[in-house]
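Shown next, in structure tokens, is the structure this report addresses.
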Amino acid sequence: MNIVIVESPAKAKTINKYLGASYEVLASFGHVRDLPAKNGSVDPDANFQMIWEIDPKAAGRLNDIAKALKGADRLILATDPDREGEAISWHVLEVLKEKRALKDHKIERVVFNAITKQAVTDAMKSPRQIDGALVDAYMARRALDYLVGFTLSPVLWRKLPGARSAGRVQSVALRLVCDRELEIEKFVPREYWSLVATLTTPRGDTFEARLVGADGKKIQRLDIGTGAEAEDLKKAIEAANFTVSTVEAKPARRNPQAPFTTSTLQQEASRKLGFAPAHTMRIAQRLYEGIDIGGETTGLITYMRTDGVQIDGSAITQARKVIGEDYGNAYVPEAPRQYQTKAKNAQEAHEAIRPTDMSRRPTEMRRRLDTDQAKLYELIWIRTIASQMESAELERTTVDISAKAGSRVLDLRASGQVVKFDGFLALYQEGKDDDADDEDSRRLPAMSQGEALKRQDLAVTQHFTEPPPRFSEASLVKRMEELGIGRPSTYASILQVLKDRGYVKLDKKRLHGEDKGRVVVAFLENFFARYVEYDFTANLEEQLDRISNNEISWQQVLKDFWTGFAGAVNDIKDIRVSEVLDALDDMLGPHIYPPRADGGDVRQCPTCGTGKLNLKAGKFGAFVGCSNYPECRYTRPLAADSEASADRVLGKDPATDLDVTVKAGRFGPYIQLGEQKDYAEGEKPRRAGIPKNMSPGDMELELALKLLSLPREIGKHPETGEPITAGIGRFGPFVRHEKTYASLEAGDEVFDIGLNRAVTLIAEKILKGPSGRRFGADPGKPIGEHPSLGGVAVKNGRYGAYVTAGGVNATIPSDKTPDTITLAEAIALIDERAAKGGGKPKRGAKKAAPKKKAAKAPVDPDAPKPAKKAAVKKAAAKPKSEAVSKARAPVASAAKTSAAKPAAAPKTPAKKSAGKARG
């Protein structure tokens with residue numbers, strides 16, 4: 001018998017079918033060991049000795065593997081073909097050695113880039129040993145992430161209350177976002193003008209030409225800086241006669257892009273499909289693990305974590321055949337296209353991401369896949385096929401036009417492009433991060449030198465330069481790759497961590513640096529500048545890649561890093577929180593204190609008028625407060641612009657003639673009617689919070705008055721005669737009757753919901769009960785069967801919708817709904833959750849026997865109370881029972897590596913949660 005180890009149960013089931021009865025394929029469910037989330041798991045003083053701890057959820061699976069080996073001759077480690085896959089195999093092997101489960105077993109490592117019968121059986125014929133260099137690279141990265149997380153995060157907690165954590169790579173990615181915010185804030189718009197004439201040829205064809213010169217001087221984009229200059233040139237053009245000076249046509253070729261790597265797939269899926277990187281990777285995982293085709297589960301794409309762009313020769317041959325069949329031989333280039341990676345070190349991956357079988361066209365696969373899977377498969381298929389198609393042939397034409405007005409000569413230019421042969425463009429064109437009007441893509445009418453033209457129209461337009469755009473998820477991944485920050489397997493998780501911790505938010509597909517994130521970056525740039533430098537992080541990534549190539553020692557890389565990093569941590573120990581806040585207050589000044597409309601002192605307290613505003617730290621993070629505290633209690637959050645930080649009067653309330661004002665409070669923006677002076681003593685001004693889906697900058701008087709009117713009475717309940725009201729609460733809009741609250745559903749509007757609809761919502765809520773369920777436990781909506789865990793159901797829980805199977809629960813992500821999630825997506829989420837050790841044991845599972853308690857000395861029930869206490873004291877004085885002594889005896893853990901001495905704790909204390917702060 002041969003025992004094969006893979007990561008997921010779905011993968012195990014598929015490969016078992018390929019290999020037959022002489023093989024038993026078992027799943028590890030991802031990583032089985034990790035560094036314990038506590039101090040001392042990595043000891044810099046003991047040559048970075050690491051203590052590994054078995055995941056409690058993995059203990060049973062490892063025992064199953066050990067039992068299976070008893071009747072086996074060979075152990076085959078077949079985890080993913082990258083660094084993480086190598087590490088999983090190594091961990092499994094090390095645990096089995098500790099368990100002494102390996103006797104005379106032959107141990108082999110095999111890798112395959114696709115889950116197909118051919119790929120798997122070929123891999124079994126070419127086994128190798130575990131790659132020690134890749135394992136070393138994994139340990140170096142894991143140790144670095146641990147040391148940074150468990151050393152830097154506690155410093156943040158002590159010096160910057162409200163901050164959560166900092167990671168090795170995530171902090172640098174966050175700096176990219178926050179630096180862009182700073183560029184936008186410091187940007188000063190510049191006025192410029194453009195003049196574009198619409199001209200007509202003798203044959204009546206029209207086209208546009210831009211002014212590019214006047215009186216022998218070239219005019220660049222920003223050269224016309226005032227309306228007066230534009231008006232002068234306008235008069236000259238209006239009086240001019242136009243003649244074609246030159247017509248120049250040049251042939252050009254456009255080559256297709258290479259097949260997808262991990263980062264380019266994430267970028268293009270974000271641009272074309274609107275997928276977040278994490279969602280793209282989840283879907284790609286399912287396509288890689290495969291679907292049932294003709295009774296056999298087959299992977300549809302190759303491995304999706306890669307930075308290579310080359311593809312297998314047989315796949316190229318197949319792609320060329322498909323191109324000839326679908327588009328004709330003219331679209332097949334003479335020689336196959338070969339691509340080379342531009343990445344600094346493409347050791348992690350092998351092939352680019354491609355379909356495992358090019359003949360499986362998207363139209364045929366659509367009925368077998370859910371909507372998002374079909375979209376992503378089609379994108380991968382099209383990109384791969386296009387990469388082997390013929391180049392597009394273009395003709396770029398430039399027409400220079402002379403405009404003479406008396407003694408003045410002005411120059412205009414028109415550019416255009418004609419596609420002579422579309423080539424790969426017939427199938428695919430790469431998306432762009434920023435939409436821009438491409439004048440060169442326009443087609444020009446036929447013209448010849450010396451031909452007279454007539455002016456039909458003239459557009460004189462004022463423009464202002466715009467700040468650089470905020471990063472989209474796609475453009476941030478692209479920038480990180482350009483800088484050499486992170487690696488293919490980390491991009492999606494880095495972005496997810498930044499969003500989960502509230503450091504950035506995604507608004508209209510753009511990443512905005514939140515105040516919490518900007519304060520953390522400012523802190524790191526002030527006190528740990530070297531470690532958030534782009535070059536330093538990229539150079540460290542190169543060192544880690546060199547470890548994987550077996551060029552340098554992983555301990556030496558860690559030693560070089562730790563020496564400087566530990567010193568930087570020690571340097572900040574004695575710095576007071578007030579000093580930290582002063583430094584951040586100065587650095588974030590342009591962001592926190594934008595210019596006032598009246599030109600006054602930006603730091604003057606708007607409440608007392610005498611105090612100065614400065615940065616303060618509270619339990620929930622940094623905020624702005626008055627220096628006259630506690631006499632003046634003015635506070636507000638950090639603000640990205642003056643619109644958010646300053647009071648803005650929207651107008652007068654018609655009923656009271658009081659000002660309606662948008663204000664910024666410590667806990668967010670709100671609407672206020674009047675000021676404190678307008679109310680009786682002890683009475684507070686009427687206020688209303690601004691819902692999260694509304695921007696303070698977009699707030700208008702009409703909407704503000706509606707918010708102030710809440711909660712509003714809709715009418716009387718027909719049965720009880722008690723009022724039903726509508727309002728907006730912590731969890732969104734609702735209707736209320738007595739003590740029953742019911743959330744409004746999609747399509748309901750808090751300002752105009754009627755009585756009948758409100759009564760219906762209240763009645764449904766009462767039927768469901770406080771838990772939201774109609775009768776007893778929620779059975780959920782069954783959607784199919786999990787390959788190994790049984791029935792899959794969609795349920796609604798206290799914290800939102802989730803899918804469940806076999807006691808493993810997985811939250812449904814925000815981009816899916818309970819009504820639209822498919823079985824394949826649910827299985828992927830459940831497997832992912834199970835791999836992380838999630839879920840809960842099924843009912844009926846054996847529980848650990850309770851520990852025996854030491855027998856207590858008998859107490860006389862008739863004795864007075866003092867006698868009872870004396871009896872207890874007497875019992876406590878007796879020797880411990882044998883059972884208690886045995887229970888407290890030390891037990892050796894197989895989960896930890898043997899060590900010469902216990903690992904010393906890092907120099908700075910840390911909380912348990914810091915273990916999750918990783919790059």
Side-chain angles (χ1 to χ4, degrees), residues 152-153 156 160-187 270 276-278 433-434 466-480 482-483 485-486 491-529 531-534 537 580-581 583-594 615 617 620-624 636-645 664 668-669 692 695-697 917 919:
L152 186 54
S153 295
L156 276 176
L160 203 60
R164 294 190 63 181
S165 63
R168 181 176 63 85
V169 180
Q170 101 194 19
S171 299
V172 185
L174 177 60
R175 184 190 165 191
L176 279 169
V177 176
C178 294
D179 280 358
R180 181 57 56 87
E181 293 289 346
L182 195 59
E183 286 182 69
I184 293 170
E185 287 163 3
K186 290 183 176 180
F187 181 81
S270 177
D433 291 315
D434 300 297
E466 295 183 353
R470 289 183 171 89
F471 285 108
S472 63
E473 290 185 302
S475 60
L476 182 60
V477 168
K478 183 179 181 181
R479 185 61 179 145
M480 288 170 64
E482 290 171 349
L483 292 171
I485 297 169
Y491 297 135
S493 60
I494 288 169
L495 289 174
Q496 195 61 47
V497 165
L498 294 181
K499 289 186 285 188
D500 290 346
R501 289 181 178 158
Y503 288 164
V504 302
K505 71 173 180 180
L506 192 63
D507 183 24
K508 297 178 181 176
K509 297 186 178 181
R510 293 287 170 175
L511 292 165
H512 296 246
E514 292 281 63
D515 289 341
K516 190 186 299 182
R518 298 196 64 172
V519 169
V520 168
V521 167
F523 174 82
L524 294 175
E525 287 192 80
N526 267 280
F527 302 102
F528 293 90
Y531 302 97
V532 287
E533 287 176 356
Y534 305 134
T537 306
V580 172
L581 292 175
L584 302 188
D585 195 54
D586 183 59
M587 185 174 185
L588 293 172
H591 169 63
I592 303 173
Y593 313 108
L615 193 64
F620 302 103
F623 64 95
V624 175
R636 66 165 172 81
L638 278 66
D641 51 43
S642 57
E643 191 177 72
S645 62
K692 291 182 179 179
S695 168

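Values in this document were obtained by computation on a predicted structure and should not be read as measured data. The first residue of the sequence shown is numbered 1, and numbering continues consecutively from there. Below, each value reflects all heavy atoms present in this structure, side chains not excepted, and no hydrogens, waters or symmetry copies.
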side-chain contact (heavy atoms from CB on, under 4.5 Å), paired with Leu495, selected from Leu506, Val177, Leu476
Leu476
From the options Lys478, Lys499, Lys509, select the one residue that forms a salt bridge (charged side-chain N to carboxylate O under 4.0 Å, His left out) with Glu473.
Lys499
Cation-pi geometry met for Arg510 and Phe471 (6.0 Å, 45°)
no
Does any N or O in the side chain of Arg470 come within less than 3.5 Å of the main-chain N or O of Arg180, such that one atom is a donor and the other an acceptor?
no
Checking Tyr531 now: which residues fulfil side chain to side chain donor-acceptor pair (under 3.5 Å) with it, not counting sequence neighbours?
none
Heavy-atom side-chain proximity of Val497 to Tyr503 below 4.5 angstrom
no
Just verifying a value: how many Å separate Cys178 SG and Glu183 CD, rounded to the nearest 0.5 Å?
12.0 Å
Please report the closest heavy-atom contact between Arg636 and Phe623, naming both atoms and the distance.
O-CB, 3.6 Å
Could you pull out all residues at least two apart from Tyr491 that satisfy ring pair (Phe, Tyr, Trp, His ring centres under 6.0 Å)?
none
If every non-hydrogen atom of Phe527 is compared with every non-hydrogen atom of Ala583, which pair is closest and at what distance?
CZ-CB, 4.1 Å
Straight-line distance of Leu588 CG to Leu182 CG, nearest 0.5 Å
8.0 Å
Under a 4.0 Å threshold between the charged nitrogen and the carboxylate oxygen, would Glu514 count as salt-bridged to Arg501?
no
Pair Leu483-Leu176, side chain to side chain contact (heavy atoms under 4.5 Å, CB included): steps then yes or no
CA-CA 11 Å; Leu483 292 171; Leu176 279 169; 3.8 Å; yes
Measure the shortest side-chain to side-chain distance between His512 and Val504 over non-hydrogen atoms and say whether it is less than 4.5 angstrom.
no
Could you walk me through whether Glu525 and Asp179 pass the side chain to side chain contact (heavy atoms under 4.5 Å, CB included) test, one step at a time?
CA-CA 11 Å; Glu525 287 192 80; Asp179 280 358; 3.7 Å; yes
If we check side-chain contact (heavy atoms from CB on, under 4.5 Å) with Val521, which of these qualifies: Leu174, Leu584, Val532?
Leu174
Keeping Asp585 on the side-chain end and Leu581 on the backbone end, is there a donor-acceptor pair under 3.5 Å?
no
Checking Gln170 against Leu498 for the side chain to side chain contact (heavy atoms under 4.5 Å, CB included) test, could you report, in this order, the C-alpha distance in whole Å, the side-chain angles of both residues, the deciding distance, and whether it holds?
CA-CA 7 Å; Gln170 101 194 19; Leu498 294 181; 4.1 Å; yes
Would you name the heavy atoms of Leu511 and Ser472 that are closest together and state the gap between them?
CD1-O, 4.0 Å
Could you give me the CA-CA distance, side-chain angles and deciding distance for Val477 and Ile494, then say whether side chain to side chain contact (heavy atoms under 4.5 Å, CB included) is met?
CA-CA 10 Å; Val477 168; Ile494 288 169; over 6 Å; no
Qualifying residues under side-chain contact (heavy atoms from CB on, under 4.5 Å), relative to Asp586, sequence neighbours excluded:
none
Do we get Arg175 above Tyr534's six-membered ring, with its NZ or CZ under 6.0 Å from the centre and within 45° of the axis?
yes
